Protein chains: 2
Amino acid sequence: MTDPTAPGPLAATAALMADPARARMLAALMSGEALTAGELARIAGVTAATASGHLARMADGGLLAVHAQGRHRYHRLASEEVAAAIETLGGLAARIAPARAWTHGEAAREARLCWNHLAGRLGVALHARLVAEGWLTPAPGGWDATAEGRARLAATGVAIGEAERSPRFAAHRCIARDCMDWSERRPHLAGGLGREIARAWLGRGWLRRLPAVGEGDLLARRRIAVTPEGARGLRESLGLATA
Amino acid sequence: MTDPTAPGPLAATAALMADPARARMLAALMSGEALTAGELARIAGVTAATASGHLARMADGGLLAVHAQGRHRYHRLASEEVAAAIETLGGLAARIAPARAWTHGEAAREARLCWNHLAGRLGVALHARLVAEGWLTPAPGGWDATAEGRARLAATGVAIGEAERSPRFAAHRCIARDCMDWSERRPHLAGGLGREIARAWLGRGWLRRLPAVGEGDLLARRRIAVTPEGARGLRESLGLATA
DNA sequence: CCGAGGCTTCGGCCCCGGGCGAAGCGCCGG
DNA sequence: CCGGCGCTTCGCCCGGGGCCGAAGCCTCGG
């Protein structure tokens with residue numbers, strides 16, 4: 001006989017995201033970076049004591065992975081699944097509450113990071129372009145890249161070999177998957193390939209990070225823009241026009 | 001200046017799912033059916049008064065759509081996005097808490113309904129088969145069906161025309177989309193086509209609904225099985241082997 | 001027109017859990 | 001070896017909200 005008042009796993013997980021302070025921490029961690037407990041306390045707007053409790057709960061619940069280093073404790077999202085769940089819920093929330101439409105600035109709608117890959121109009125346009133040119137081909141649960149696609153992307157500095165280091169690629173040749181973009185309502189590219197694309201283009205200066213727009217910016221560390229060299233490179237290498 | 005203690009949209013939406021009684025109601029509504037307030041109260045294990053409050057909150061938050069009919073008020077999930085968010089969060093929860101692995105019975109792992117489409121090993125096998133045969137072709141954000149695919153599915157009684165009645169099809173010829181299966185960890189078919197497939201096969205007796213396994217069964221109304229005729233039909237029409 | 005039944009609203013109870021300050025623990029630097 | 005700093009634990013307060021019973025509203029059926 002199970003306790004009928006026991007919170008199901010769904011309720012328990014949702015409860016971990018249901019607190020404003022915890023939600024602010026999770027939003028900050030959507031940048032993909034690992035942040036210290038102190039940084040997260042400041043972001044969430046609570047004292048270190050309160051933040052410590054929140055972080056312990058989320059780590060215990062499997063949402064966060066913790067890495068101790070010296071007297072700092074670095075926290076990051078535990079897995080891509082966690083990031084996907086947060087993104088899905090966030091998108092649902094944005095759709096449900098269009099009260100004040102889009103409070104994050106037009107630039108963030110143009111390009112931003114989602115977890116560790118590109119989102120916004122740029123991410124969606126990239127996804128559409130890769131599919132339209134036949135550079136991506138369906139694989140179970142996502143996409144594989146064709147030889148032509150691999151060559152094109154490698155020419156932009158993307159480490160295809162790194163993108164293939166995942167159990168999903170080993171099992172099903174699935175190098176990328178879709179992630180629903182909550183500002184564009186169309187998919188952008190996630191998974192190993194999405195991660196490597198963002199890493200490569202940030203690394204070669206095609207994309208640059210933008211500063212947060214204020215205290216407690218929910219998109220802090222996720223704001224990016226295409227540089228002039230990036231616009232030229234994307235046009236010449238992939239035929240991708242940017243705004 | 002915005003109130004820093006205000007619950008962000010993410011936290012507010014998560015909070016709506018974070019209560020055990022509400023989570024049980026949402027799980028029951030994942031069958032895709034519309035249920036009355038009284039039924040949901042019994043499922044959630046609370047009195048009508050309590051349930052009424054919960055339902056009002058969820059409807060106000062955009063999670064539920066309400067339809068008054070006589071002295072009954074029917075509640076259903078407001079959109080496919082809501083169902084997807086619940087499914088994602090539920091899958092995350094199942095992955096996070098593998099304490100007692102799979103408490104829902106082996107039959108539910110073989111075949112079940114997810115929202116209004118097929119899930120479990122059957123749903124995943126169908127998805128893989130349609131893709132492998134080239135009967136589905138990528139469309140922005142999901143899949144379109146090829147002429148051969150349409151013919152094959154129409155032969156099994158699927159109303160392709162109904163599946164095309166969606167803004168996503170009108171805009172991008174996207175007749176179906178992926179939905180991550182939380183027991184198989186591979187995608188099954190959702191969207192208009194997924195809905196019509198489930199409807200058709202249940203209608204012609206290829207699939208039948210199974211009774212709930214007890215009071216408060218979280219998969220109640222979602223348990224299904226392939227009938228002998230269904231197994232034969234799936235093999236002959238689609239070359240799909242079932243267990 | 002009246003009683004029954006489904007549902008909501010109201011009022012009150014109670015507990016969960018988020019907030020803080022203070023104290024304790026561990027790692028680093030001097 | 002000691003002081004500083006990051007982080008956690010402890011003890012306490014307090015408010016939100018989940019729960020129920022009773023009462024009220026509305027619809028249906030006779």
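So you know, we letter chains A, B, ... as the sequences are listed, proteins then strands, and number each from 1. Just so it is clear, the structure is predicted and the values come from calculations on it, not from any experiment. We use all heavy atoms of the structure for the numbers below, so side chains are in, but hydrogens, waters and symmetry mates are not.
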>> Tell me if a side-chain donor or acceptor on A:Arg22 pairs with a main-chain N or O of B:Ala11 at a distance below 3.5 Å.
In response: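 Not a single qualifying donor-acceptor pair exists.
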> Cut-off 3.5 Å, side chains only: do B:Arg195 and B:His117 have a donor facing an acceptor?
Replying inline: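 B:His117 and B:Arg195 do not have a side-chain donor-acceptor pair below 3.5 Å.
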>> Checking side-chain polar atoms at under 3.5 Å, does A:Trp206 have a donor or acceptor matched by the opposite partner on A:Thr227?
In response: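 Checked: A:Trp206/A:Thr227 side chains show no N/O donor-acceptor pair below 3.5 Å.
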Which atom of [X] lies closest to which atom of [Y], heavy atoms considered:
| X | Y | answer |
| --- | --- | --- |
| B:Leu210 | B:Ile224 | CD1-O, 3.6 Å |
| B:Ala198 | B:Leu118 | CB-CD2, 4.1 Å |
| B:Glu196 | B:Arg199 | OE2-NH2, 2.6 Å |
| A:Ser166 | A:Cys174 | OG-O, 4.4 Å |
| B:Ala44 | B:Ala21 | CB-O, 3.6 Å |

Within this structure, what is the [atom1]-to-[atom2] distance between [X] and [N], rounded to whole angstrom?
| X | N | atom1 | atom2 | result |
| --- | --- | --- | --- | --- |
| A:Leu40 | D:dG6 | CG | C1' | 13 Å |
| A:Leu64 | D:dT8 | CG | P | 12 Å |
| B:Tyr74 | D:dT27 | OH | P | 16 Å |
| A:Asp19 | D:dG16 | CG | P | 14 Å |
| B:Arg73 | D:dT27 | CZ | C1' | 13 Å |
| A:Leu55 | D:dT9 | CG | P | 11 Å |

> Hey, which of these two, A:Ala21 or A:Gly70, hits DNA chain C nearer its 5' end, going by closest nucleotide?
Replying inline: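 Comparing both residues, the 5'-ward one is A:Ala21.
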>> As a test of reading the structure: which of D:dC19, D:dT8, D:dC28 is closest to the side chain of B:Arg71, going by heavy atoms?
In response: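 So the nucleotide nearest the side chain must be D:dC28.
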> Using the C1' atoms of five pairs at each end, what's the angle between the two axes of the helix from C:dC1-D:dG30 to C:dG30-D:dC1, to 10 degrees?
Replying inline: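 The end axes of the helix from C:dC1-D:dG30 to C:dG30-D:dC1 are about 30° apart, to the nearest 10°.
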> Looking across every strand, which nucleic acid part, if any, lies under 4.0 Å from B:Ala48 by heavy atom: base, sugar-phosphate, or nothing?
Replying inline: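 Here B:Ala48 touches the bases of the nucleic acid.
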>> For B:Gly45 and A:Ala51, find the nucleotide of DNA chain D closest to each by heavy atoms; which residue's nucleotide sits nearer the 5' end?
In response: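 This one resolves to A:Ala51.
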> Under 4.0 Å: is that the gap between some side-chain N or O of B:His54 and OP1 or OP2 of D:dC19?
Replying inline: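 B:His54 to D:dC19 OP1/OP2: side-chain N or O found under 4.0 Å.
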> Is any side-chain heavy atom of A:Arg208 less than 4.5 Å from a side-chain heavy atom of A:Leu202?
Replying inline: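 The answer is no, as the side chains (C-beta and beyond) never meet within the 4.5 Å cut-off.
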>> Students should find this one: the first and last nucleotides of DNA chain C, 5' to 3', lying under 4.0 Å from a heavy atom of chain B. What are they?
In response: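 On DNA chain C, the outermost contacted nucleotides are C:dA4 to C:dT9.
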